[in-house]
Amino acid sequence: MSLDLLREGTVIPAHPLALTGGRTLDERRQRALTRYYLASGAGGVAVAVHTTQFAIREAGLLRPVLEIAAEVVAKEAGRPFVLVAGACGDTAQAVAEAELAASLGYHAVLLSPNVPGAGEPELLARARAVGEVLPVVGFYLQEAVGGQRLSPSFWRSLSEQERVVAIKMAPFDRYRTVDVVNAVAASGRGDDIALYTGNDDNILADLLMPVAGRRVVGGLLGQWAVWTRAAVLMFEEVRRAWAGDDDVLRSLLARAADLTDANGAVFDVAGGFHGCIAGVHEVLRGQGLLAGTWCLDPDEGLSPGQAAEIARVRAAYPWLVDDDFVAEHLDDWLR
């Protein structure tokens, strides 16, 4: 049922990492974050992805972080909920991480495309090997944060793999986004593969307007790790727009640039994305969900002026914010 929800389309936040001031795992707040996403009405979470910090692997935190989210969901969800695990590295590492995720009850694997030295044939072989363990979510990542340009033929070949169930499109490039959609259609598996936006600069446009004749059914986004209740309500409006509510459609289109502006502040576009993880933490810290903005890498943190920019967009776009919702439930999530 969870894979059916993935195919139908839903809100999937990329799960952050809760740390103490000593940069050790804060298990209580890590559980609170998962409860926040459940209570907000999200349809799933993606764990061990970029927003969770890839360095959890070297820090020995991959298993506990995956376990915590899976345990909270198993005990408290009470509804279909998609657990997506990120997998990194070469084929052997990615398969091992997929096997760990499968043992913990995860439903699919989001494959990081950042594999030094790997060309398209190697990436396709890796996806096929991981697909023998769990269904695969392909990932087109922008080059500014470690992705690489991938050809339309790559996306067609990937889409032809029967275990590929979704693709997250995050090249931040309309031409390349269209490449993916056309390749999925050409594969003959267009009805089997769900298209998800990761284009933080165009979230609402992706969700509201067909791309090469296809609908983008949901989002798997670091942006949705914050103000998640508001994101879920926005997604419900998107569905109303697709059902024919023109007033809602016009309202959403008028607000599309607001979301892009807010994302620019949270993800530190002005600073070349240096503070993208710390920016997510800053929003959650301000709400009390996190105790600080610490990252595993001490050199990662907010860029100069970024906190002020986050405060600006929070005040400018109240429809994007869920501070009252968090305040009402925070004590219960931190129990």
Side-chain angles (χ1 to χ4, degrees), residues 5 9-16 18 29 32-46 51 77 79 81-82 196-208 216-243 245 247-269 276-290 293 306-307 309-334:
L5 177 58
T10 191
V11 170
I12 303 179
H15 204 305
R29 291 184 183 276
L33 285 173
T34 307
R35 291 182 178 123
Y36 166 48
Y37 301 131
L38 281 170
S40 294
V45 288
T51 306
R79 59 182 172 88
F81 194 82
V82 185
Y196 274 72
T197 184
N199 287 320
D200 292 323
D201 60 342
N202 239 323
I203 295 170
L204 271 171
D206 275 356
L207 291 171
L208 288 169
V216 177
V217 299
L220 197 166
L221 293 157
Q223 173 63 40
W224 284 352
V226 301
W227 303 320
T228 311
R229 180 57 186 163
V232 169
L233 295 175
M234 181 193 74
F235 190 68
E236 291 174 359
E237 288 188 277
V238 168
R239 286 182 161 163
R240 286 168 55 195
W242 273 99
D245 191 325
D247 290 338
V248 169
L249 173 61
R250 284 190 290 270
S251 174
L252 286 169
L253 288 173
R255 288 178 274 155
D258 299 355
L259 180 53
T260 300
D261 186 24
N263 178 268
V266 174
F267 280 79
D268 189 27
V269 174
C276 59
I277 294 174
V280 169
H281 292 182
E282 172 65 11
V283 175
L284 298 171
R285 182 207 60 78
Q287 294 178 312
L289 280 157
L290 292 183
T293 63
Q306 188 181 358
E309 273 293 283
I310 291 171
R312 176 187 66 80
V313 298
R314 172 186 266 121
Y317 311 124
W319 72 276
L320 280 174
V321 177
D322 64 359
D323 293 354
D324 290 343
F325 173 76
V326 173
E328 180 181 354
H329 299 284
L330 183 60
D331 287 344
D332 179 53
W333 299 335
L334 287 169

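Sequential numbering from 1 along the given sequence is applied to the chain's residues.
- Distance check: D206 CG to I203 CD1 gives 8.5 Å after rounding to the nearest 0.5 Å.
- Put simply, the side chain of L284 reaches to within 4.5 Å of the side chain of V226, judged on heavy atoms.
- A donor-acceptor pair under 3.5 Å is absent between the side-chain atoms of E282 and the main chain of I310, judged by distance alone.
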Worksheet entry | CA sep, side-chain torsions, deciding dist, call: R229, E328, salt bridge (Lys or Arg N to Asp or Glu O under 4.0 Å) | CA-CA 12 Å; R229 180 57 186 163; E328 180 181 354; over 6 Å; no

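- Taking 4.5 Å as the limit, some side-chain heavy atom of M234 sits within range of a side-chain heavy atom of L204.
- The minimum heavy-atom distance linking G222 with T51 is given by the pair CA-OG1, 3.7 Å.
- Between H15 and T34, the side chains place a donor N or O and an acceptor N or O closer than 3.5 Å (distance only, hydrogens not considered).
- Every residue two or more places apart in sequence or in another chain that forms a side-chain contact (heavy atoms from CB on, under 4.5 Å) with V321 is listed here: W227, R314, D323.
- D245 places a side-chain N or O within donor-acceptor distance of the main-chain N or O of D247, the cut-off being under 3.5 Å.
- Residues Y196 and V217 share a closest heavy-atom pair of CE1-CG2, 3.8 Å.
- In the displayed structure, D332 atom CG is contacted under 6.0 Å by more than 12 heavy atoms of other residues, nucleotides or ligands.
- Among residues two or more places apart in sequence or in another chain, the side-chain contact (heavy atoms from CB on, under 4.5 Å) test is passed with E309 by A265, R312.
- Going from atom CG of L290 over to atom CZ of R285 covers 9.5 Å, rounded to the nearest 0.5 Å.
- A225 approaches V280 most closely through the heavy-atom pair CB-CG1, 4.1 Å.
- Of all heavy-atom pairs spanning Y37 and P16, the tightest one is OH-CD, 3.1 Å.
- Rounding to the nearest 0.5 Å places CG of L289 at 6.5 Å from CG of L334.
- A donor-acceptor contact under 3.5 angstrom links the side chains of N263 and Q223, judged on distance only.
- Taking CG of D324 as the start and CD of Q287 as the end, the distance is 10.0 Å to the nearest 0.5 Å.
- If you run side chain to side chain contact (heavy atoms under 4.5 Å, CB included) between V313 and each of D258, L259, L320, D261, only D261 comes through.
- Expressed to the nearest 0.5 Å, how far OG1 of T10 lies from CZ of F81 amounts to 8.5 Å.
- Residues satisfying the ring-ring contact (aromatic ring centres under 6.0 Å, His included) criterion with Y36, sequence neighbours excluded, are W333.
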Item to complete: Give the intermediate values and the outcome of side chain to side chain contact (heavy atoms under 4.5 Å, CB included) for residues T197 and L207.
Response: CA-CA 7 Å; T197 184; L207 291 171; 4.2 Å; yes

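- Residues L221 and I12 have side chains not in contact (no heavy-atom distance under 4.5 Å, counting atoms from C-beta outward).
- Of all heavy-atom pairs between R240 and V248, the closest is NH2-CG2, 3.2 Å.
- The shortest heavy-atom contact between V232 and G41 is CG2-C, 3.7 Å.
- Between the side chain of R35 and the backbone N or O of H329 there is no donor-acceptor pair closer than 3.5 Å.
- Between the side chain of T228 and the backbone N or O of W224, at least one donor-acceptor pair lies under 3.5 Å.
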